[in-house]
Structure formats: C-alpha cells, structure tokens
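Letters A, B, ... mirror the listed sequences (proteins, then strands); counts begin at 1.
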Amino acid sequence: MTGMSVPLTQLASREEGAVIDLSGGRGFVSRLATLGFTPGAPLTMIQNYGHGPLIVSVRDTRIALGRGEAAHVLVRRKAVDG
Amino acid sequence: MARGSYHSVERRHHRLHGHVLDEVIRPVTVALAGQPNVGKSTIFNILTGMDQHVGNWPGKTIEQKTGDYRHNDVLFHLVDLPGTYSLTANSEEERIAREYIICEEPDVVVAVVDAAILERSLYLLAELLVLPAPVVLALNMMDVAAQEGIQVEPNVLEAALGIPVVPMSAAKAQGVEALADAIDALAHGEFDYRPNVPTIRPDHEEILREIESLIAEHVPPPYPTSWVAVKLLEGDSVMVEMMKERLPSDRRQEVEHLLHQHEDAILDVAGARYDWIGRMTRAALVRPRAGQVTVTERLDRVATHPLLGIGVLLLVLGIVFWLTFAVGAPLQGWLDLYLVHGASGWLAGVLHAAPAWLRGLLVDGILAGAGLMITFLPILLIFFAALGILEDTGYMARAAYVMDRFMHLMGLHGKSFLPLCLGFGCNVPAVMGSRIIESRRARLLTILLAPLVPCAARMAVLATLAPMFFGSRAFLVTWALVGLNLGVLVLVGIALDKTLLRGERVAFVMELPLYHVPNARTIGLSVWHNLLMFLKKAAKVILPVSVLIWALSTYPGPGIAHSILGYLGRALEPLGAWMGFEWPLMVAMITSFVAKENVIATLGVLYGASEHGQALGATLTAVLSPAAGLAFLASQMLFVPCVATVAAIRQETRSWRWTAFSVIMLLGLSLLAGVLIYQGARLLGVGV
C-alpha cells in the first residue's frame, strides 16, 4: 500500500494520499497542523487543474490552498491498482 | 464590566423538594468560543437578540460583541470570542480568545462545533479543555450533518468527553433552550464535570516535564504552567517572548536549547490532539459511505470550477448590483424627495422669520448632512444584506477561491477579493474589511486599492450625471467608466506589488465551509449593527464637515460664486482648463470630499438649477462639451475618496504617511485620467 512520496501539488483530482511532513515557516506549519495536516492524516484531492489554487479534503473539511503552499506539504500517494 | 459585580445581583427562586428558597445569585459569565463558520454568531444572536453591545476589544481593532440573556431568572452575560481555529498565537483573534479565557475567568465556556466537520472543529475543544474554565459543547449544525449523510450521537460523545454535549441546529433555532439549561447546570455545579483531557504523545512527555520544571517558578499567574509548557513546545511566539523575559538567563538558555532540539514538536502536539479527537469520536460518529456525492460536492463542481465559477460569481454580483440600482436607487430618490426635501421645506417654513444665517446653518448645513446619511441607508441595507447572505451560505469562500488566480496578478490572494468587493457598497467597510488578511503587506495593498472600487455613492453620481451628458448612451459610458476604475485598480496593484510593496507572497490557506441555508436573524442583526455603526460614524464626520462646507460656500457671499470655495475654484481654474472644466466643476470636486453626492448638489447650486433635475442637465450640456463631461466623470470616479474613507484608511494603516500616500496617489490618477481623456479627445477632434 505504500506509494511514492510527492508534494501535494502532484496529486490528481480524486486521488488519495496521506500527509508525511510539512515544511516552511513556523507560523505556516502551525496553521496547517491546526487545520488537520498532521503526519499520517489521510487526504483526498478534490480539485487540481495543474495550475492555480487547489482544493483538498482533510479531516472532513475542504481546504483551499495556493499552489505554493501545497508544495510545502509532502504526501504519500495511495497506491492505485491497475 | 467587572465579574461578580453585585450591582446586578438578583434573586432566584430555587425549587428544592417542592419548597421555594430565596437565593442570592450573581450573573453567569459565558464565553462563546468556536472556529469560523460553525454558527457561533447565530447562537449568540438567538440568545441575546437586540440586547447586544458591539464594540472593540480593548486596544484592538477586532470587534467585540457582548450581550445579556435571561434564563429561568438567571442572568447570562455572554461574550462572543473571535472565531479561531486554535489557541496558538498565530493571529490577533487567537491571542484575544485565550487571554480572555485565562485572565477573565468566565464561569462557563461554550465550545461551538460543527457536527458536519466534527473532527476538525473539535480541535479547538482539545485546546479549551486544558484551561481552567468548564466547557459545554454545543454540537451545532446537526441538520447540515444529516444533509451530508453524517450521523453523530450526542450521548455517546458526552460519555466519552465527560462534559455536557448539546445537539443543536441553531439556524433553525433548535437546541437553544437545552444549551441554556446545560450552561445553567454546569455553572451551578449540577453536572458531574469530568473532562477527558488530551495528553501529549509519549515521545515528547519527558521533554514537556523537563520544560515544566524549568519554568514552574517563573510562570506569572493566572497562566497554568503545564499550558505554557505545551505552548512553548508549539513554538508559540507570545509565550516564548513572555518566558524569555521572566526566566533567569541559565534557565532561559536551557529551555531555548530544549526547544531548539524539538522544533518539529508542533506537528506532534497537533497530531496528539487529533489522536485524542479520533478516540473521542470513534463510537459517536458515522460517516457517509465512500463515493456518496454530497450536496456541497455537487454545488462546488460548478462554483469552484475555474471557468464556470467565474460565471457564477459574475451572475451573483450582477444580481446584487441589479438589486441595488433597481430597488435601492429609487428608494433613495423617494426618501430624498419626500423625507429630506419635505423636512427642509417644513423647517425653512418654520424658520421664515429667523435670521438667514441660522436658517442656512440648520437647513443647508445640518439637515442637508443628516438627509444625506438617511438617503444612503437603502443602498447600504441591500449591500450588507446581500453580503451577509453570501457569507452565511458559505459562498463567499468560493468567490475568494475562484478569484485567487486573478488576485495573484497583484501579489494578493483570494482573501483580498472579499474586502474589495465590499467597496462596491461603500469604501469604508472595504478598508475595514481588510483586517481578515493576515500579512501586513497584503493588507496595506488591499487598503490602498479599495478606494479605486467605485462605491455606491460614486455610482449614484455617475448614474445621475451620465444621462445628462450622454442621454441614451449613458449605460455604455457607465460601464466603460466602471471598467476604467477596475483597470486602473489592477494596474496600480501590479505597479505597487512590483515596487513599493514588493515582498513575500502570503500563504493562501482557507477553509471552504459546507453550504447551508442562511439564517435570517443573524443576517438581519448584522445588517442592523452595520447600519447603526455607519450612522454613528457618519454623523461624527458628515455633520461637522457638512456645516463647514456650508460656511465656506456661503461666506463672505453673496452666493457660492463669491464665497471662499468659489474663489478657491477660480484659483484652480487654470488646472481645470487642462481637462476642459469651468471653475464650478472644480468646486464640485472639492465638495465631493465630504460625500460623493455633493457633486450634484454643488453643481445644482452653481449652475442655478431649479427644483427640476432637467434644468441642471440642460445647463451642463450647454456649458460643457461631451469630452469635458467624460473627463469630469472619469476624474470624479478616480478622485480622493470621501472623508470617512480617508479616516478609515488612517485608522487601519495606523500611519499618516500611507494615508497621505493614498490621497496623493488618487489625486494624481484622477487628474491624469481627466487630462488624458480631454486632451485625447481634442487631438482626435471628437466630442469637443
């Protein structure tokens, strides 16, 4: 089940994954952790058009993230069969 | 507002075994805490109704709402804390909320959570439970949860948490009585309160104990030592500063060393809180089957789509503006004609024997100023109501999301779109609304751009004058000038972002709340308070300045043509000539600094209009070429905002330099647009 670790921006719409780590300033990491982006938290990409901001669902909440911000979230891709 | 003040002591009839005992009790102080968008204001509004006081937190620019509620003869004194995701000092709101709970010691804290996003919204509860005040959990939005296919069992949750849990659907006014009962019971020791408190993960337990023992003797009361230790581990800037000042240097170095070694502890601390939430909700929460498409998901497929989303946004804004002009503008005209003109006619009649200066001061100075504010109300009412609905349904966050791409052009992100959008109603709330933006750079940029959004008053002037100059083509001219303003806004935004305000991009992280049906009461009350605030604020500024402008335009006289203002206008005529203006237009522009509508009134006086509007139009077209008319309208649209907006800019930037910068920049842009249009038209030989 363990997939590749990639920045959140690499997840396609509807793809699932889990948070591995956050990088960036302390305030930024603290804000994201508060919103539920903690290591191990499962997430689902809701909308990612490959440019512009994206929407990700984590802990039952939809969070809009800028692309730059999403690049600071390292996730593990859930292996997809087939 | 001292707690336990015996001024408001009252008697409560306490029923015990059928006997009625008289017992002296004091009011119960209740603090409402919750994350944004969980319906906290709705609960506050239902409980307090019109009986609320809106002010600012001491020394802060953040709104503070307090109010009273009587329940079974007990007086609740409610304090609405700012909406916060956590209690770590990432924002001013979070600092205010935790300072209040720790230092003011409310009797009960109500933690409002959204049942539809239970996990995420319990995060704040995890932080609240380690503080001394007892907590009631208001499990709100049970209806929204059901609509999204989520089931929550309040009793199971209550058993796990060991604190009172009250299921509610505040938007439908359900569960409010039960909440009041629970607060009452908890405040009077009638609930077996045994909170299940979250703990830190084992890997950080030891270091936490170490920090605790190092700081124990130096933590100032009333801060709990264990709480301060956790905050230090989280890297909380305020607590780090506080302990830095209080610890002796050897201990400080030790603590700093420990914290430096565990810089990543924040992820672990937050993770432990979510582990705890997972344990608390395991038995109480049933999620919808995977793959089930929820209402929010379905709506968002359109509302957040990069192309369709913009379409939806334009449609929504179109409806709001249509309402303003189709309903608000005629109402405004009606109020002006019957109420204001009626009153001034009556007052002039009553005062016919009074000296002319007194009649002028009362009728043309004070009453005219007051009338102006009243005629403003319909348009502001529509705007505040529309924005309240958009906010309350959850759509506003989607608007910010689809506009994010566009706002990036100017180094801003989607959140700046909301305050700028407020600017269409009135620039004052736009400037004040910039508070929601975290970074100072982005906030300043938003404030500087806000006056370029054409406000309702500017639009009213445009809507009145454009048909006089351009007849049936007025509609096109109006759109072109609004487009000009927005184009200038984007260009100025790009220019400032690349020069004076170059800096780091702010993090765009925003929750998209679930859609829900708006609550009429919440919106009604917020409209009411906004209008009241506008009247209070406007009265302070508009009345004195209205009197001042009346005096400047009356003396020495006779008439405005021979007044101080008239002479000033003539002195500026050489400048006006560049734009094809006669001196009365310069005077009109100056008076618009008080309020934009003054343009029409001043022109009416100077061009000797009779009571029929057409007379002004006829005079204007006779003395002004279409090119000069267009130049005048364009520079009016870009001119320095009204005095109330300038005051708001000063208040929000806390800097006279930036306020002056804003005024001078707009003055320059306004002149530039006027000159370019007039001289351009002359060069091309059109409309002169």
Pair [X] + [Y]: basic N to acidic O under 4.0 Å:
X	Y	result
B:Arg273	B:Glu234	yes
B:Asp275	B:Arg201	yes
A:Arg26	B:Asp264	no
A:Arg77	A:Glu15	yes

Stacked cation flag B:Arg398 on B:Tyr515, 6.0 angstrom / 45 deg: yes
With a 4.5 angstrom heavy-atom cut-off, could you sort out which part of [X] is near chain B: side chain, backbone, both or neither?
X	value
A:Arg31	both
A:Leu32	side chain
A:His72	neither

Choice from [options] maximising heavy atom contacts with chain B below 4.5 Å:
options	result
A:Ala41, A:Pro39, A:Ala64, A:Gly66	A:Ala64
A:Gly40, A:Ser57, A:Gly36, A:Gly24	A:Gly36
A:Val29, A:Ile55, A:Val58	A:Ile55
A:Gly27, A:Gly25, A:Ser30	A:Ser30
A:Pro53, A:Gly52, A:Ala33	A:Pro53

Using the rule given for ring pair (Phe, Tyr, Trp, His ring centres under 6.0 Å), can you reason through B:Tyr85 versus B:Tyr123, listing the C-alpha separation, both sets of side-chain angles and the distance that settles it, and then say yes or no? CA-CA 7 Å; B:Tyr85 286 106; B:Tyr123 190 87; 9.5 Å; no
Looking only at the side chains, is there a donor atom on one of A:Gln47 and B:Tyr401 sitting less than 3.5 Å from an acceptor on the other? yes
If you measure only the distance, is there a donor-acceptor pair under 3.5 Å linking the side chains of A:Arg59 and A:Thr38? yes
Contact leader toward chain A among [options], where contacts are heavy-atom pairs under 4.5 Å:
options	answer
B:Ala270, B:Gly271, B:Pro306	B:Pro306
B:Thr88, B:Ile266, B:Val509	B:Val509
B:Thr304, B:Val402, B:Asp404	B:Thr304
B:Glu119, B:Glu127, B:Gln35	B:Glu119

